[in-house]
Amino acid sequence: MPRINSPAELEEFRKDIISKRDPNKPCIAICTGTGCLALGAANVVTALKEEIKKQGLETKVDVETKVDVRETGCPGFCERGPLLVIYPEEICYLQVEPGDAEEIISETIVAKKVIDRLLYAAPGTDNDEKIVRESEIPFYKHQMRNLIGNNIKIDPKNIDDYLAVGGYSALVKALCQETPEQVVEMVKNSGLRGRGGAGFSAGMKWEFARKSPEKTKYVIVNADEGDPGAFMDRALLEGNPHSVLEGLTIGAFAIGSHEGYIYVRQEYPLAVENVGIAIEQAEAQGFLGKNILGSGFDFTIEVHQGAGAFVCGEETALLMSLEGKPGEPRPRPPYPAVKGLWGKPTNINNVETWANVPLIINNGADFLSSIGTESSKGTKIFSLVGKVNNTGLVEVPMGITLRDIIYEVGGGVPGGKKFKAVQTGGPSGGCIPEEHLDIGVDFDQLAKVGAIMGSGGMIVMDEDTCMVDVAKYFLKFLAGESCGKCSPCREGIRQMHKILNNVSEGKGREGDIELLEELCEATRNASLCALGGTAPNPVLNTIRYFRDEYEAHIKEKRCPAYVCKELIAYYIDPDKCTACMICSRKCPAEAIVGAKKQIHVIDQEKCTNCGTCFEVCPSRFSAVTRLSGEPVPPPIPEEERTIVRKSEKK
Amino acid sequence: MSEILLQIDGREVKASEGMTVLDAAQSVGISIPTLCHHEKLDPYGACRICTVEVETGGRTNLVAACIFPVAQDLVVRTRSEQIDQTRKTLLELMLAHAPDAPALLELAQEYGADKDRFEKEPSFCILCGLCVRYCAEVKKANAIGFVDRGPNREINFMPEIASKECWNCKECFPLCPTSYVQAAYHLTEALAFPPPASKPASEE
Amino acid sequence: MTVAKDNGKIDKIIEKYPSEPGSLIQVLLEIQRENRWLPKEALEKVSKKLKVPLNRIQHIVTFYKAFSLVPKGRHEVHVCTGTACHVRGAPRLLDSVQDLIGISPGETDQDLKFSLDTVSCVGCCALGPVMVVDGEYHGKMAPAKSEEVLKNYD
């Protein structure tokens, strides 16, 4: 790997890489991000490579194959993984299994025939309307994939792939053609707002740090993506680590920093690995280290792993953790731009924010500012999960409606269920009901309906979701993740969680809603950091839109969504039960009394309300029903349980 | 050091850089309640009882007076309906842990806090951290520390260090607003380094 | 427990990092990964070498979830309780796993066979609810299915 000493050498090197690549040579790009790996992508890769060998597509001399297999980062369509795209035709195969490898090689690669069975078909349809090209799949068609689009084109462990798509050209431009002030100005003019949660102007933040007279300054990538249900930062860091390194290096140049840190959760081992490899390669080629590209600018990056604390996503807690201390947030002011890591001016942005920087530098501030809404520019990656057909990562322009994200990109709610709410912004976010689905998604619109952008988690909930349970869930999460230093956060969340627990167990009392609201007020007003300050959001927001559900739990001891275990019961309708034995065999608590030709009865004493019987009862019988807020009918007397067929009755 | 002028409860107050709102208020005899503050220790900002309202550039925020730095033309209010309500709720939350602590009961009276408002959590500790910080910052002994996080956060004596350091010090005892630190010490002592006289017979 | 051998391994890890408080969490993480738990002697060594008082180390190893002060079981079971998994039935999955192996999250059974923990999102939301056993992902879990999976470990 040669060290590159000037912009001219880089262009030379880039040309060389591209010239060696035949655009017509078949390439199978297969996602080996965490999601697809969990679905067995590694076995598919092995099978494909073996098949290539077997079918003699290996030219023996230098073991170069006639077809490339590229292991890439996550392109986002996790729902249908393992997935692969075959170039140059851009054929997209979904839910690929190792057993498909032989056919893929012999049919598609050799015979140039598309395998119908592996193509995309809309959910619910079987054979009609198959889609061949990746970009035409509805999930992708409505997206604008400026950031994540390169993932499928890049093997994150190979810097050449990044260079082949124009990588590090923004760094050249910034270092060799612009002054630091000009770079700051560009980022400011682009309107880029931090993608980590608060949405503060990235350019302004850079300017504060730039203006500080201190000699030592730090820049940090916040990759402590702790929001349960959000994994866009991981996908970027895993799939395209050099884009983050490039953004960070440009930021360091603009601010006047020579040391950077990437703070990444240890729960993301693949991201840690890939970013580590990327740093080594960038150092070897001279994109990091001393005198980068001959510009005279020095910059090094170190990776620090988080040890499992959500609060460390808060920037001052992150600094504490970097200093080897417990992740207890520090009061602001002083802000990190004035007094950050080791007391020095520090600029912290999250992964997605940094990944936007090369785009701005390469294409100009207008490129970003022309996308989006008045207050929010550019694209945003959301992780669209929960009760939605197309689970995955979606990158869309700011301003797109929630409805378009959920129904056009996400394909709607599965199983014919009714949509109830979409939860955005992580644990401190809010649940947005149907009536607000037509708002354009940006920082301010989301805030208006009581939610936040957060880092971009988007969890779709259907009629089977209980909103009291959701609030309880988030408060339990936040209680466990509070650092415990300041009393409003520690105690306020504890008591709110207790009250919600009581409500969900049928022990709620009149006045609990008002008490919750009072606790929310104190916790929001008095907490030291944003974790406590925003912790009341899930409570206030669910009360605001789903007060009736709270009241049903408190007054009628009823859970309308049949979720809160203490308030529901399962009951087998004796008129519908055909004594098929399925439920009694599957019941993990052995709570179902039944035999052949004997109507089954649930022993309510033994029943743990796990719901297995309800799920396994064949839909043509639907004999198992859920009850809430009403007494369970007494079991039918034993002598009446024998099922007599109609023919036998006569 | 440059002089900073600010307004607290309608009064002009002169302060200097590096001072907190609490320092400035105390310098002119305006009292703000505190529980985790101690003049020998670094500002901590944990109990939040000193929450006050500050106004800068037209924006009003609630902040902890003990850690918020003074600034030119800052407008501070130490009492308002919102402040009082916040302090009341905080006191009630802490009283769930230490219902008999004199310092809390005294403030409870002033703010009308009900000690039975919330379900009891009798840990007897409000985690003001005075003991831990005093031991670390003043005594440099580090015989006591925090463990865990969130609602599970506790104070904990380190037996190996406490057995050597604490007997002749015990200066944290009077600092504790709930007397819990004394109990915690004796419990640690009984379990981890009992004095010879109290050792069970079998061990002698 | 082969203390002597462990000590050598731990010393090596401590040596790798600069002897300064900033290395603390990185050192502890590596010891945790290599040794699977943090014995007291290891903490004392780290305290001496990095000049961090033991009470602060105690706070750190109990503050961050990655650390364990007791030996872990042979098989580490993680049930994802991220939001996506939660709305898809993670609580019921967790209940049944708890019943099956007889321990609560954060615990290890007496035979050191299983350790159970919850994790807030492993980023495989499409597969939810997810259970991870020894790093292997098991997706679309249901209470009945968890028994099938756990049967294969001993």
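In what follows, chains are A, B, ... by sequence order, proteins preceding strands, each numbered from 1.
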Where on C/K65 is there a heavy atom nearer than 4.5 Å to chain B: the side chain, the backbone, both, or neither?
both
Roughly how far, to the nearest 0.5 Å, is the NE2 atom of C/H59 from the CD atom of B/E154?
11.0 Å
In this structure, are over 12 heavy atoms from other groups packed under 6.0 Å from B/D116 atom CG?
yes
Around atom NZ of B/K120, are there more than 12 heavy atoms from other residues, nucleotides or ligands closer than 6.0 Å?
yes
More than 12 heavy atoms of other groups within 6.0 Å of C/K48 NZ:
no
Checking C/R56 against B/N142 for the side-chain contact (heavy atoms from CB on, under 4.5 Å) test, could you report, in this order, the C-alpha distance in whole Å, the side-chain angles of both residues, the deciding distance, and whether it holds?
CA-CA 8 Å; C/R56 213 169 88 202; B/N142 293 301; over 6 Å; no
Within a 6.0 Å radius of atom CD on B/E160, are there more than 12 heavy atoms belonging to other residues, nucleotides or ligands?
yes
Heavy-atom distance under 4.5 Å between the side chains of B/R149 and C/T62, does that happen here?
no
Give the member of B/N152, B/N156, B/I161 that has the highest number of heavy-atom pairs under 4.5 Å with chain C.
B/N156
Nearest-0.5 Å distance, CG of residue C/N55 to CD1 of residue B/I144:
9.0 Å
